[in-house]
A.B. asks: 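Handing you this structure, nothing more for now.
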Amino acid sequence: MNHNRSTHFSTFLAPAARRRSHSCDLLVSVRSLAEAEIAIAGGADIIDFKEPLEGALAPVEPEIWRQAAAAFPGRTLSAALGESPSATRLAAFVPKTFRYAKAGPSQIQTTSRLGQFWNDLDLPSGVELVAVAYADYEAAGCPRVDEILELAISQGRRRILIDTFVKDGSCLTDHLALDELATLIDHARNANGWIALAGSLRLDDVSELLAHDITPDCWGVRGDVCMETSSVTALDRRTGSLDPRRIERWTRLCDQASSSGSAD
Ligand SMILES: O=C[C@H](O)COP(=O)(O)O
């Protein structure tokens with residue numbers, strides 16, 4: 001974890017603001033109904049459908065969304081739509097009982113084009129867009145995280161996910177320093193936003209972030225809840241099978257984070 005890189009942010013606000021009324025959700029990305037059942041049994045709050053083999057935010061087949069909507073009524077379901085133009089093409093197919101849809105900003109170089117991209121997504125009315133920002137924005141060819149957060153706030157969008165675009169083993173904190181993350185969370189909270197952190201995070205990373213009072217509204221994970229294989233590549237890990245014990249460990253950590261936050 002790199003704590004000492006230069007920052008685009010000038011302020012570092014007090015941790016108390018970050019912990020205000022804090023409760024913490026766990027989002028687990030799954031690629032099938034069978035995986036969704038494992039994630040639900042392990043205590044995940046948000047079941048996010050995506051195909052990890054195809055990229056950071058790649059969609060599963062819309063047929064899997066439809067089956068999930070029928071199989072898991074009452075659960076909080078999310079669909080990864082991919083980047084543009086896939087997201088634009090798929091938005092209207094998200095089942096209306098899904099709660100969230102995530103759309104990636106890669107190769108959209110300006111905030112004005114990104115704002116238009118979001119506005120053009122034809123999501124069913126009950127499905128809320130989660131605006132995604134990539135910590136490795138240069139590799140993704142999109143605006144910086146703080147610019148995307150600002151754009152989301154200016155459009156009245158509450159949900160933002162900070163993820164990584166390149167899944168090569170580097171993680172969120174290799175691209176964003178602690179003070180940057182703290183400032184982003186405070187900024188989102190002050191605008192009544194909800195902010196999720198992801199990006200090849202491991203349990204140890206999350207423990208360390210929590211120890212530094214980095215307390216988002218949600219942690220998102222795929223790779224670290226998959227079985228460890230003999231292969232060491234990050235791609236193999238995140239495309240492997242889900243490990244129920246690891247999901248439970250993440251759930252426990254989120255529960256602890258929620259209870260310590262709500263005591264403030
Ligand atoms: O939305 C969250 C992502 O699915 C996280 O995936 P990852 O932990 O493999 O980076």
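Whatever order the structure lists ligands and atoms in, that order sets their numbers, starting from 1.
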A.B. asks: Taking only heavy atoms of Leu27, which atoms of ligand 1 are found under 4.0 Å from at least one of them?
C.D. replies: 1 (O), 2 (C)
A.B. asks: Which residue and atom name correspond to the protein heavy atom nearest atom 8 (O) of ligand 1, and how close is it?
C.D. replies: Arg222 N, 2.9 Å
A.B. asks: Any side-chain heavy-atom pair from Ile160 and Leu184 closer than 4.5 angstrom?
C.D. replies: no
A.B. asks: Measuring from atom CZ of Phe98 to atom CG of Leu77, what distance do you get when rounded to the nearest 0.5 angstrom?
C.D. replies: 4.5 Å
A.B. asks: I'd like to know if Arg245 pairs up with Glu248 as an ion pair, taking the criterion as any Lys NZ or Arg NE/NH1/NH2 lying under 4.0 Å from an Asp or Glu carboxylate oxygen.
C.D. replies: no
A.B. asks: Within the 4.0 Å heavy-atom shell around Ser29, which atoms of ligand 1 are there?
C.D. replies: 1 (O), 2 (C), 3 (C), 4 (O)
A.B. asks: Counting from 1, what ligand 1 atoms have a heavy atom of Gly223 closer than 4.0 Å?
C.D. replies: 7 (P), 8 (O), 9 (O)
A.B. asks: Nearest heavy-atom pair of Leu129 and Ala103: which atoms, and what distance?
C.D. replies: CD1-CB, 3.9 Å
A.B. asks: Check Ser200 against ligand 1 and report side chain, backbone, both or neither, counting heavy atoms closer than 4.0 Å.
C.D. replies: both
A.B. asks: Which residues satisfy the side-chain hydrogen bond (donor to acceptor under 3.5 Å, both in side chains) test with Asp120, sequence neighbours excluded?
C.D. replies: Gln116
A.B. asks: If you have a sec, work out which protein heavy atom is nearest atom 1 (O) of ligand 1 and how many Å separate them, to one decimal?
C.D. replies: Lys102 NZ, 2.9 Å
A.B. asks: Using a strict 4.0 Å cut-off to heavy atoms of Val221, name the atoms of ligand 1 that fall inside it.
C.D. replies: 5 (C), 8 (O)
A.B. asks: Hey, what do you get for CZ (Arg159) to NZ (Lys102), rounding to the nearest 0.5 Å?
C.D. replies: 14.0 Å
A.B. asks: Considering only heavy atoms of Asp163, which atoms of ligand 1 have at least one such atom less than 4.0 Å away?
C.D. replies: 1 (O), 2 (C), 3 (C)
A.B. asks: Examine the proximity of ligand 1 to Asp224 and report which part, side chain or backbone, both or neither, has a heavy atom under 4.0 Å away.
C.D. replies: neither
A.B. asks: Give the contacting part of Leu57 toward ligand 1: side chain, backbone, both or neither, where contact means a heavy-atom distance below 4.0 Å.
C.D. replies: neither
A.B. asks: Do Glu35 and Arg222 sit within salt-bridge range, that is, some charged N less than 4.0 Å from a carboxylate O?
C.D. replies: yes
A.B. asks: Do the non-hydrogen side-chain atoms of Leu27 and Tyr100 ever get within less than 4.5 Å of each other?
C.D. replies: no
A.B. asks: With heavy-atom distances below 4.0 Å as the criterion, list the atoms of ligand 1 near Gly199.
C.D. replies: 10 (O)
A.B. asks: So which protein heavy atom does atom 3 (C) of ligand 1 come closest to, and at what separation?
C.D. replies: Lys50 NZ, 3.4 Å
